[in-house]
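What follows is one structure encoded as structure tokens, with my remarks underneath.
Convention: sequence-line order gives letters A, B, ...; per-chain numbering from 1. Owing to the predicted nature of the structure, the values given are computational and were not obtained by experimental measurement.
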There are 2 protein chains.
Amino acid sequence: METITENQKLKVAKKIKKMFGHMKRSEMEYCPIRDVMALASDKWSILIILYLGYYPVLRFNQLKKKVYGISNKVLSERLKVLESDGYLSRTLYPEVPIRVEYELTDFGHSYLQKILDLSEWVTTYSDQIMANRKKYANAQG
Amino acid sequence: METITENQKLKVAKKIKKMFGHMKRSEMEYCPIRDVMALASDKWSILIILYLGYYPVLRFNQLKKKVYGISNKVLSERLKVLESDGYLSRTLYPEVPIRVEYELTDFGHSYLQKILDLSEWVTTYSDQIMANRKKYANAQG
DNA sequence: CAGAATCCGCGAGGATACTG
DNA sequence: CAGTATCCTCGCGGATTCTG
């Protein structure tokens with residue numbers, strides 16, 4: 001683990017102040033950043049976005065198979081939210097039977113890249129985290 | 001919104017394959033990345049980490065005041081998890097009355113920087129997301 | 001096929017009181 | 001002061017059935 005200098009810590013503090021400093025404590029509850037993140041950072045949404053990043057376009061039931069274990073209800077809910085926020089597009093083909101295709105928007109792709117960045121970071125440190133967890137568990141008995 | 005090229009999309013797909021391709025679908029449920037993320041990306045944990053990034057060291061009740069609205073139970077739970085995973089350190093001073101201080105580890109600082117990166121991205125696009133949301137809501141009636 | 005509707009369980013999280 | 005211990009509720013998410 002590379003050590004973080006005092007200077008870097010100061011920079012971070014400054015950045016936090018810039019980003020959140022203008023907010024009152026009671027407003028932090030409704031912080032737009034958390035609001036935005038909350039809707040697209042849950043377990044199912046991330047999986048949906050990952051699969052749509054891997055397979056360019058997927059239909060409802062295809063997604064349901066890929067996103068192992070998700071229910072109809074939750075899948076359609078998440079898709080609505082993700083469409084509403086602009087992460088993906090929904091295209092309906094009025095054939096018989098009906099066909100609906102989902103794919104990431106440019107915005108969705110942009111988000112996906114951020115997620116992958118974070119995932120890489122997590123991957124780098126996950127062993128260390130697991131070790132920490134074990135050590136802590138043993139220390140607690 | 002800058003357009004994303006087909007080439008970039010391919011790169012992303014490749015990266016996804018590299019990171020997740022070796023996993024079976026049923027294993028995605030227990031993906032270590034999601035496991036790690038889940039514990040440190042919830043609403044309260046992020047606030048705790050943010051405040052500890054801004055104030056170098058805080059005691060239990062100080063945190064409780066800063067992290068507006070959190071309950072005793074949840075705060076102590078989150079602190080345990082975050083300590084267990086190595087994001088922060090807990091130092092107990094056996095005075096009377098007792099004193100306990102929390103502060104970020106280097107690892108926690110590293111995570112904080114990732115969070116801030118993501119926040120900056122969200123900030124850049126939050127207006128657009130809100131606009132999308134409104135447009136979608138109106139379209140649905 | 002792509003969802004909507006309904007019902008239900010359970011577990012995270014809140015409020016409060018208590019303790020070393 | 002720094003947390004436990006309890007109790008309770010409320011809403012997410014799962015399973016199933018139904019429909020255009």
Side-chain angles (χ1 to χ4, degrees), chain A residues 25-26 28-30 34-35 37-48 51-52 55 57-84 88-103 136 139-141, chain B residues 25-26 28-30 34-35 37-48 51-52 55 57-84 88-103 136 139-141:
Chain A
R25 234 154 288 150
S26 53
M28 293 288 273
E29 274 244 58
Y30 309 103
R34 281 228 321 279
D35 175 41
M37 285 304 301
L39 295 188
S41 70
D42 70 282
K43 153 183 170 175
W44 295 125
S45 299
I46 287 185
L47 279 179
I48 292 170
Y51 276 115
L52 285 176
Y55 305 94
V57 43
L58 287 172
R59 301 170 62 174
F60 188 88
N61 280 322
Q62 289 177 321
L63 264 172
K64 202 187 162 185
K65 273 178 204 154
K66 303 288 182 196
V67 184
Y68 189 80
I70 197 170
S71 68
N72 278 358
K73 185 189 171 193
V74 175
L75 178 55
S76 79
E77 276 173 5
R78 289 296 178 282
L79 287 174
K80 266 184 204 162
V81 170
L82 292 176
E83 185 197 356
S84 165
L88 51 84
S89 67
R90 175 184 187 273
T91 312
L92 180 142
Y93 299 89
E95 311 164 353
V96 182
I98 205 172
R99 178 162 59 103
V100 178
E101 292 185 345
Y102 294 91
E103 64 184 312
Y136 186 88
Q140 304 302 311
Chain B
R25 234 155 288 150
S26 55
M28 293 289 273
E29 274 244 58
Y30 309 102
R34 282 230 319 280
D35 173 42
M37 284 304 300
L39 294 187
S41 71
D42 71 283
K43 156 181 168 175
W44 294 126
S45 298
I46 287 186
L47 280 179
I48 291 170
Y51 277 114
L52 285 177
Y55 305 94
V57 43
L58 288 172
R59 303 170 59 174
F60 187 88
N61 280 322
Q62 290 177 320
L63 264 172
K64 200 186 163 186
K65 273 179 203 154
K66 303 288 181 196
V67 184
Y68 189 82
I70 198 170
S71 66
N72 277 357
K73 186 187 169 194
V74 174
L75 178 55
S76 80
E77 278 173 5
R78 289 296 179 284
L79 287 174
K80 267 184 203 162
V81 170
L82 292 176
E83 186 198 355
S84 164
L88 51 83
S89 69
R90 175 183 185 276
T91 312
L92 180 142
Y93 299 89
E95 311 165 352
V96 183
I98 206 173
R99 179 162 59 101
V100 178
E101 291 186 345
Y102 293 92
E103 65 183 311
Y136 185 88
Q140 304 301 313

Rounded to whole angstrom units, what separation is found between the [atom1] atom of [X] and the [atom2] atom of [N]?
| X | N | atom1 | atom2 | answer |
| --- | --- | --- | --- | --- |
| Glu95(A) | dG3(C) | CD | P | 13 Å |
| Leu88(B) | dA2(D) | CG | P | 15 Å |
| Leu82(A) | dG3(C) | CG | P | 13 Å |
| Arg99(A) | dA2(C) | CZ | P | 9 Å |
| Lys80(A) | dC12(D) | NZ | P | 14 Å |
| Leu92(A) | dC1(C) | CG | C1' | 11 Å |
| Ile98(A) | dT19(D) | CD1 | P | 17 Å |
| Phe60(B) | dG3(D) | CZ | C1' | 6 Å |

Taking all heavy atoms of [X] and all of [Y], pick out the closest pair and write down the distance.
| X | Y | value |
| --- | --- | --- |
| Leu79(B) | Tyr102(B) | CD1-CZ, 3.6 Å |
| Ile98(A) | Tyr93(A) | CG1-O, 3.8 Å |
| Trp44(B) | Gly69(B) | CH2-C, 3.8 Å |
| Arg78(B) | Ile48(B) | CB-CD1, 3.7 Å |

(message) Does Tyr102(A) reach a base, just sugar-phosphate, or nothing at all? Heavy atoms under 4.0 Å.
(response)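 Sugar-phosphate: the residue Tyr102(A), judged by heavy atoms under 4.0 Å, touches backbone atoms but no base.
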
Got a list of protein N/O to nucleotides 13-17 of chain C N/O distances below 3.5 Å?
residue : atom : partner  : partner atom : Å
dG13(C) : OP1  : Arg78(B) : NH2          : 3.3
dG13(C) : OP2  : Arg78(B) : NH2          : 2.5
dG13(C) : N7   : Lys73(B) : NZ           : 2.7
dG13(C) : O6   : Lys73(B) : NZ           : 3.3
dG14(C) : O6   : Lys73(B) : NZ           : 3.0

(request) Counting heavy atoms from C-beta on, name the nucleotide in dA2(C), dG3(D), dC1(D) closest to the side chain of Val100(A). (result)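 From the listed options, dA2(C) comes nearest.
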
(request) First locate atom CG of Leu47(A), then atom CG of Leu75(A), and finally report the distance between them rounded to the nearest 0.5 Å. (result)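 One finds 11.0 Å between CG of Leu47(A) and CG of Leu75(A).
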
